[in-house]
Amino acid sequence: MKLNGKVAAITGAARGIGKACAKRFLDDGVKVVISDVDAKGLGATAAELGRPDALRTVVGNVARRADVDQLVATAVKEFGRLDIMVNNAGVARNRDILEITEEEFDEIIGINLKGAFFGVQAAAKQMIAQGGGGVIINMSSVNALLAIPALATYAMSKGGMKQLTSVAAVALAPHNIRVVAVGPGTILTDMVASSIYTSEDARKTVMSRTPAGRGGEPSEVASVVAFLASDDASYITGQTIYPDGGRLILNYTVPVKEK
Ligand SMILES: NC(=O)c1ccc[n+]([C@@H]2O[C@H](COP(=O)([O-])OP(=O)(O)OC[C@H]3O[C@@H](n4cnc5c(N)ncnc54)[C@H](O)[C@@H]3O)[C@@H](O)[C@H]2O)c1
């Protein structure tokens, strides 16, 4: 219960990794405001998580600054402050690099990178106004470093997030605000089902590059988020931590012996 009594906001939390972070925070005694563009999914998740004493929802699109500001304002209105911001909302689209339209580029960069930037700004302003301190966690990806051509816009957005995390960490260190990122490998969520595991061959290719021999669970990302949000990580800022089952350190492919 190292986070007991803290207040957190999470974007893109109607399902997947964001939802797992909300569950983990609630279990750890955190008061949580979850946000998502999917109003129906958000309501269903809130009902499933229960905890009306410690959980609030805000429907919003992270690509719109006013919606992200509204999320932070709700945390303050409902729970009095903001200690932890998780900029998790993200989308991926499979597309040949030669076919990406301006609209598609703007959509992915607008949600994944601009949305996280809005989250960093809104959270930091509130944290400074309440006297400093706090942790901002950006949900990056191994694609911040790896080049998968079918996911070009996604990779560009996560590459930008690496620098967003670094520059914000330096800029906000004087306010005792840490800014970190988590870069998962392949985690078993709807995003992976629709954009990564597009065929059995695609799934096997991912496994051939995953020494752990399995996809990760959303809870295995949430536990890293919980660690980074806690004082156990008090000297970590500006870094991206990669829970990836060994993906990034691998040079050769591994024999496919799935667990
Ligand atoms: N699943 C993986 O393997 C994986 C790996 C690396 C990084 N990530 C990152 O983790 C984060 C969560 O991914 P996930 O796998 O849980 O995906 P997911 O698709 O299961 O969930 C993403 C959530 O974000 C919401 N969302 C989408 N656009 C939004 C917007 N404009 N404003 C607010 N909410 C929006 C969706 O409605 C959804 O509830 C993303 O940033 C993703 O890039 C995922």
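Because only heavy atoms are used, hydrogens play no part in the values below, and waters and symmetry mates are left out as well, while side chains stay in. Atoms within each ligand, like the ligands themselves, are counted from 1 in listed order. What you are looking at is a predicted structure, and each value in this text was computed from that prediction instead of being measured. Throughout, residue positions are numbered sequentially from 1 according to the sequence presented.
- Residue M139 has at least one heavy-atom neighbour below 4.0 Å for each of these atoms of ligand 1: 9 (C), 10 (O), 11 (C), 41 (O).
- Both the backbone and the side chain of N61 come within contact range of ligand 1, each with a heavy atom under 4.0 Å.
- In terms of protein heavy atoms, atom 24 (O) of ligand 1 is closest to G12 CA, 3.4 Å.
- The protein heavy-atom contact nearest to atom 13 (O) of ligand 1 is M191 CE, 4.0 Å.
- Taking 4.5 Å as the limit, every side-chain heavy atom of D28 sits out of range of all side-chain heavy atoms of N4.
- The two residues D36 and A14 come nearest to each other via the heavy atoms OD2-N, 2.9 Å.
- Inspection of the S208 and K204 side chains reveals no N or O donor paired with an N or O acceptor under 3.5 Å.
- When every heavy atom of A63 is checked against every heavy atom of F118, the shortest pair comes out as O-CE1, 3.5 Å.
- Of the N or O atoms in V91, none lie within a sub-3.5 Å distance of an N or O in ligand 1.
- Atom 34 (N) of ligand 1 has V37 N, 3.4 Å as its closest protein atom, hydrogens excluded (heavy atom only).
- Dense packing is recorded around CD of E200, with more than 12 heavy atoms of other residues, nucleotides or ligands lying under 6.0 Å away.
- Listed here is the closest heavy atom pair of M127 and M85: CE-N, 4.2 Å.
- With a 4.0 Å heavy-atom cut-off, ligand 1 is reached by the side chain of K158 but not by its N, CA, C or O.
- For the residue pair T165 and N138, a side-chain donor N or O sits within less than 3.5 Å of a side-chain acceptor on the partner.
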E78 and K31: salt bridge (Lys or Arg N to Asp or Glu O under 4.0 Å), yes or no, with the steps? CA-CA 9 Å; E78 295 289 324; K31 294 188 171 69; over 6 Å; no

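- Here is the list of ligand 1 atoms found below 4.0 Å of a heavy atom in N88: 10 (O), 11 (C), 12 (C), 40 (C), 41 (O).
- Taken together through direct or relayed side-chain contacts under 4.5 Å among Ile, Leu, Val, Met, Phe, Trp and Tyr, I137 and V7 form parts of separate hydrophobic clusters.
- Of all heavy-atom pairs spanning A39 and V59, the tightest one is CB-CG2, 3.7 Å.
- Using modelled atom types, one finds a donor on one side chain and an acceptor on the other under 3.5 Å when comparing T186 with R247.
- Some N or O of G185 is nearer than 3.5 Å to an N or O of ligand 1, by distance alone.
- Where the criterion is an N or O separation shorter than 3.5 Å, residue side chain and backbone included, A63 fails it with respect to ligand 1.
- Formation of a donor-acceptor pair under 3.5 Å by the N88 side chain with backbone atoms of T11 is found in this model.
- For the residue pair R65 and Q121, a side-chain donor N or O sits within less than 3.5 Å of a side-chain acceptor on the partner.
- For T189, every heavy-atom contact with ligand 1 shorter than 4.0 Å involves the side chain, none the backbone.
- Classification of R15 and D190 as a salt-bridged pair holds, one side-chain N sitting under 4.0 Å from a carboxylate O.
- Each of the following atoms of ligand 1 lies closer than 4.0 Å to a heavy atom of G16: 16 (O), 20 (O).
- Nearest protein heavy-atom contact of atom 22 (C) of ligand 1 is G90 O, 4.0 Å.
- Under 4.0 angstrom from ligand 1, the non-hydrogen atoms of S140 all belong to its backbone.
- Using a 4.0 Å cut-off to heavy atoms of T186, the atoms of ligand 1 that qualify are 3 (O).
- Residue, atom and distance of the protein heavy atom nearest to atom 21 (O) of ligand 1 are R15 NE, 3.4 Å.
- The heavy atom nearest to atom 42 (C) of ligand 1, out of those in Y242, Y197, Y154, is found in Y154.
- Only the side chain of I111 comes within 4.0 Å of ligand 1, counting heavy atoms alone; its backbone N, CA, C and O stay farther away.
- Residue V192 has at least one heavy-atom neighbour below 4.0 Å for each of these atoms of ligand 1: 1 (N), 2 (C), 3 (O).
- Within the listing of ligand 1, atoms 32 (N), 33 (C) sit less than 4.0 angstrom from a heavy atom of G60.
- In terms of polar-atom proximity, defined here as any N/O pair under 3.5 Å, D36 does make such a contact with ligand 1.
- In this structure, the protein non-hydrogen atom closest to atom 3 (O) of ligand 1 is I187 N, 2.7 Å.
- In summary, the atoms of ligand 1 found under 4.0 Å from a heavy atom of P184, numbered by their order in the structure, are 5 (C), 6 (C), 7 (C).
- Backbone and side-chain nitrogen or oxygen atoms of I17 are examined, and one is located within less than 3.5 angstrom of a nitrogen or oxygen of ligand 1.
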Can R95 and E104 be said to form a salt bridge (Lys or Arg N to Asp or Glu O under 4.0 Å), step by step? CA-CA 9 Å; R95 188 77 73 216; E104 286 165 347; 2.6 Å; yes

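- For atom 32 (N) of ligand 1, the closest non-hydrogen atom on the protein side is V62 N, 3.0 Å.
- Atoms of ligand 1 lying under 4.0 Å from any heavy atom of A89, numbered from 1 in the order shown and given with element: 33 (C), 34 (N), 35 (C), 41 (O).
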